[in-house]
Amino acid sequence: MGDVSTGVWWLQWAYAGFTLFGEHIRWADLIGNVAALATVALAIRRSMWTWPVQLTGAVLLFAVSIDAHLTGNALKQVMFVGLVLYGWTRWARQTRGGAELRVRPATGHERGLLLGALVGGTVAMALAFEATGMSWAPWPDAFIFVGSAIATFAQSRALIDFWFVWIIVDLVGVPLALLSGLWVTGIVYGVFFVLAALGIRDWARQYRSHQRSDPTAPTSPDATAVGA
């Protein structure tokens, strides 16, 4: 067992871990990231289990983020709870009666709104982090916070584009996690990159298969507006 950090008393359980190559590895960080990896693997398969598993990972990663003083990452996990419930509800409605989840690319209008939210949200969050001193790396922390929210929201709407957003988030998340001492998280971000590439391939393949079987089907199964 490695040395245990002394942080918030009610999170002592989250600091327990072991030493590997001179680095303290937290069990909560390890298990939370395993859950995160399982979430991505389940999302590739469009399984409903992606949502409860993601919820479990969010709780564990919230604890380790508090210890690492990554406020943006910690708040991201809190935000995930609401987004997970939203996505869980949408996927359950779309797959009611045993129907297969229909994935699709985002419309041009949706992509514009998502990009605007990514840029505007990142600037707003980074300025807030700088003003309050809530994060030692306000800009990348803010980008990961907002990008993760947008990716999860797009995932809940079964948009293929959410995989591309995750890839961009991963490219920022790997160095930030390593600099924060969260080695497991950094490694997992790298694995996410590979899984996201597989997700793009599989979701695009499934979308093309549906289009070939029903070429008259609309691009969007319900509405093209992001806020619908």
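Atom set for the values below is all heavy atoms of this structure, side chains included, hydrogens, waters and symmetry mates excluded.
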With side chain to side chain contact (heavy atoms under 4.5 Å, CB included) as the test, would you mind laying out the steps for Thr152 and Gln54 before giving the verdict? CA-CA 10 Å; Thr152 306; Gln54 186 171 3; 3.9 Å; yes
At what distance, to the nearest 0.5 angstrom, does CH2 of Trp163 lie from CG of Asp170? 10.5 Å
Pairwise distance CD1(Ile187) to CG(Leu178) - rounded to 0.5 angstrom: 7.5 Å
When you look at Phe143 and Leu118, which way does the side chain to side chain contact (heavy atoms under 4.5 Å, CB included) test go after all the steps? CA-CA 8 Å; Phe143 179 81; Leu118 177 61; 3.9 Å; yes
Non-hydrogen atoms of Ala158 and Trp91 that approach each other most closely: N-NE1, 4.3 Å
Side-chain donor-acceptor pair under 3.5 Å between Trp139 and Glu130, yes or no? yes
How long is the gap from CZ on Arg102 to OG1 on Thr95, to the nearest 0.5 Å? 13.0 Å
A quick test of your reading: do over 12 heavy atoms of other residues, nucleotides or ligands sit less than 6.0 Å from CZ of Arg45? no
Ala196 and Ile167: which non-hydrogen atoms are nearest, and at how many Å? CB-CG1, 3.5 Å
Any chance you could lay out the side chain to side chain contact (heavy atoms under 4.5 Å, CB included) test for Val103 and Arg46, step after step, and finish with the verdict? CA-CA 9 Å; Val103 304; Arg46 302 176 300 281; 3.6 Å; yes
Note: Leu101 and His210 closest approach over all heavy atoms is O-CE1, 4.2 Å
Quick one: pull up CG in Asp161 and CH2 in Trp166 and give me the separation to the nearest 0.5 Å. 15.0 Å
Going only through I, L, V, M, F, W and Y residues with side-chain contacts under 4.5 Å, is there a path from Leu37 to Phe162? yes
Any chance the side chains of Glu100 and Gln206 put a donor and an acceptor closer than 3.5 Å? yes
Closest approach of Thr89 to Leu85 (non-hydrogen atoms, all atoms of both residues): OG1-O, 2.8 Å
Roughly how far, to the nearest 0.5 Å, is the CD atom of Gln94 from the OG atom of Ser156? 9.0 Å
Please name the residue in the list Val169, Leu114, Leu115 that meets the side-chain contact (heavy atoms from CB on, under 4.5 Å) test with Ile150. Leu114
Is the side chain of Thr107 donor-acceptor paired with the backbone N or O of Glu110 at a distance under 3.5 Å, no angle test? yes
When you group the ILVMFWY residues by side-chain heavy-atom contacts below 4.5 Å and let the links chain together, are Trp49 and Trp203 in the same group? no
Pair Tyr86, Arg157: side-chain N/O donor-acceptor within cut-off below 3.5 Å: yes
Taking Val53 as the starting point, is it possible to reach Leu195 by hopping between hydrophobic residues whose side chains are less than 4.5 Å apart? no
Using a 3.5 Å distance criterion without hydrogens, assess whether the side chain of Ser209 forms a donor-acceptor pair with backbone atoms of Arg205. no
Quick check on the 6.0 Å ring-centre criterion: do Phe62 and Phe80 meet it? no
Side chains of Arg111 and Pro105: closer than 4.5 Å at any heavy-atom pair? yes
At what distance, to the nearest 0.5 angstrom, does CG of Leu55 lie from OG1 of Thr50? 11.0 Å
On a heavy-atom basis, which atom in Gln155 and which in Ala43 lie closest, and how many Å separate them? NE2-CB, 4.0 Å
Should Leu171 and Phe164 be regarded as members of a common hydrophobic cluster, given that ILVMFWY residues are connected when their side-chain heavy atoms come within less than 4.5 Å of each other, either directly or indirectly? yes
Closest non-hydrogen contact found for Ala35 with Gly57 is CB-CA, 3.7 Å
hydrophobic_cluster_shared for Phe192 and Ile44, side chain cutoff 4.5 Å: yes
